Amino acid sequence: MAFDLKLTACLLLAVFSLAAAADCECQPSDEGHDAAKSRTLKVIAIFCILVGSSAGCAIPSLGRRFPALRPDTSLFFALKAFAAGVILATAFVHILPVSFDKLGSPCLVDGPWRKYPFTGLVAMLAAVATLLLDTIATGYFLQRAQDRRGAVAAVAACGGDASSSHDHERGHAHGVSSAVIASATMPNDAADDCDDAEDRAKLVRHRVISQVFELGIIVHSIIIGISLGASESPSTIRPLVAALTFHQFFEGIGLGGCIVQARFHLKSAVTMAIFFSLTTPVGIMIGIGISSAYNENSPTALIVEGILDAAAAGILNYMALVDLLAEDFMNPRVRKSGRLQLIISISLLVGIALMSLLGIWA
């Protein structure tokens, strides 16, 4: 009887100890913290990620000087496929598991978060929302370009000065439709008009892709930047510096390739590249600023970060599969060349493998 009581007591103590341990995990821990060393690593991270992001974004634009890097070359297709593999692995291997962990955390005692797989739901809804945004934006800007082209054609038919109208349209065109409008006023025969219409559709498509793609990157980059900046553990920060630099570099190549294909004006292209390059460093600086009051295991932080991570994973998954990989694999030049298909496939798998292996250390 005494033995049974002791055994029962031991079991109860074990249960209470595990419960207490679970409770303690929800509180900030100072174990392994070194504020001075962490601050140094964060400064290094800001510099490395900024340089890596900028370099990755700049590489596709070097096609003007290096013909091998121009769009529709084999090397350009291979680089984009590698970058798409990195982005795909980032979504499935790095972001989604983190979101599952956060929204399934034992610290979320109240609410439905641990009773339903919200990560999968949010990721799915984000992918569907990206599809709708992609479709609506493409249709809107194509219609806008066609309306402007029709207006210019009407002016020309009435004996207006086509060249001055062309200059006026170019002077007042901004964003997605400017390059389309500029080409719309040039006289062509029927065959050229068909080619122009196809080129305009591709141009608008690439511009929408690049902007929606950057939106998905920004959501994830801000969150991971804040998490790194708020951490005071050198052992946590150190592997993240290398992993994030590699990740941002190849995400930059993917985004830079989209920007080059979209043929943005120099000012717009530089603005997008700078915005992308600064996103994670800004997130790190925000994390540094709130590190004294930030608790990554608080219910609010877990829910917000979990939902945003799931949304980012859904967006990046859609963009990598539909707008980057499907776009290139369906390209007529790729479909006609078995060798190029093999090169792109290998490049894609290498990108997936390298980014997935980084999950072991990051």
Side-chain angles (χ1 to χ4, degrees), residues 52-53 55-96 127 130-131 134 138 195 198-199 201-203 205-210 212-214 216-217 220 242-263 276 313-362:
S53 302
C57 231
I59 284 176
S61 65
L62 296 177
R64 296 177 181 177
R65 291 181 176 269
F66 303 99
L69 290 174
R70 289 175 184 170
D72 292 335
T73 62
S74 297
L75 180 59
F76 188 85
F77 278 116
L79 280 175
K80 273 191 70 181
F82 186 93
V86 169
I87 293 164
L88 202 56
T90 298
F92 280 109
V93 179
H94 290 264
I95 306 179
L96 270 182
T130 307
L131 168 65
D134 211 359
T138 301
D195 291 339
E198 186 176 349
D199 288 342
K202 287 182 179 179
L203 182 66
R205 180 82 183 118
H206 285 306
R207 293 192 172 194
V208 172
I209 286 172
S210 61
V212 176
F213 183 31
E214 185 162 29
I217 293 173
H220 168 58
L244 287 178
T245 302
F246 176 86
H247 165 246
Q248 291 293 111
F249 176 75
F250 284 103
E251 269 195 350
I253 289 179
L255 180 62
C258 292
I259 291 173
V260 168
Q261 289 180 308
R263 299 203 298 262
F276 163 74
I315 294 170
L316 292 179
N317 177 30
Y318 172 88
M319 298 304 297
L321 289 174
V322 178
D323 287 338
L324 295 181
L325 292 174
E327 184 85 11
D328 285 350
F329 273 94
M330 292 296 105
N331 187 291
R333 182 169 179 269
V334 176
R335 282 185 294 171
K336 293 175 183 177
S337 173
R339 177 175 171 273
L340 186 53
Q341 288 178 21
L342 181 62
I343 290 172
I344 293 177
S345 299
I346 292 173
S347 182
L348 168 65
L349 293 174
V350 171
I352 290 173
L354 286 178
M355 197 62 203
S356 299
L357 287 173
L358 278 177
I360 298 173
W361 297 287

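The model shown is predicted, which means the values in this text are computed figures rather than measured ones.
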Item checked: Distance (rounded to the nearest 0.5 Å) between Leu342 CG and Arg339 CZ -> 9.0 Å

Item checked: Whether Ser347 side chain and Ile343 backbone form a donor-acceptor pair below 3.5 Å -> no

Next item on the list: Any chance you could measure Asp323, atom CG, to Asp328, atom CG, to the nearest 0.5 Å?
Entry: 10.5 Å

Next item on the list: Indicate yes or no for a side-chain donor-acceptor contact from Arg207 to the backbone of Arg263 under 3.5 Å, with no hydrogens or angles considered.
Entry: yes

Extract all donor-acceptor atom pairs below 3.5 Å that involve side chains of residues 74-91 and protein atoms in other chains or at least two apart in sequence.
| residue | atom | partner | partner atom | Å |
| --- | --- | --- | --- | --- |
| Lys80 | NZ | Gln261 | OE1 | 2.8 |
| Thr90 | OG1 | Val86 | O | 2.7 |
| Thr90 | OG1 | His247 | NE2 | 3.4 |

Checklist line | Pairwise distance CD(Gln341) to NZ(Lys336) - rounded to 0.5 angstrom | finding: 12.5 Å

Notebook entry, point to check: Quick one: are Leu316 and Phe213 in side-chain contact, heavy atoms under 4.5 Å?
Noted result: yes

Check: From Phe276 CZ over to Gln248 CD, what is the distance, rounded to the nearest 0.5 angstrom?
Finding: 4.5 Å

Item checked: Heavy-atom side-chain proximity of Phe329 to Arg335 below 4.5 angstrom -> no

Item checked: Contact summary for Val212 and Ile315, nearest pair of heavy atoms -> O-CG2, 4.4 Å

Margin query: To the nearest 0.5 Å, what is the distance between CD1 on Ile253 and OG on Ser53?
Written below: 11.0 Å

Item checked: Heavy-atom pair of closest approach, residues Arg333 and Leu340 -> NH1-CD2, 3.4 Å

Checklist line | Point-to-point distance, once rounded to the nearest 0.5 Å, from CG of Leu131 to OH of Tyr318 | finding: 4.5 Å

Next item on the list: Kindly give the heavy-atom pair with the smallest separation between Gly56 and Pro60, and that separation in Å.
Entry: O-CD, 3.2 Å

Check: Should Ile59 and Phe249 count as side-chain neighbours, where that means a heavy-atom distance under 4.5 Å?
Finding: yes

Notebook entry, point to check: Is there a side-chain contact between Val93 and Met355, using heavy atoms and a 4.5 Å cut-off?
Noted result: no

Note to self: Restricting to non-hydrogen atoms, name the atom on Thr245 and the atom on Gly52 that form the minimum distance, rounded to 0.1 Å.
What the structure shows: CG2-CA, 4.4 Å

Margin query: Any non-hydrogen side-chain atom of Cys57 less than 4.5 Å from a side-chain atom of Leu255?
Written below: yes

Check: Within a strict 4.5 Å, meaning less than it, do heavy atoms of the Glu327 and Asn331 side chains meet?
Finding: no

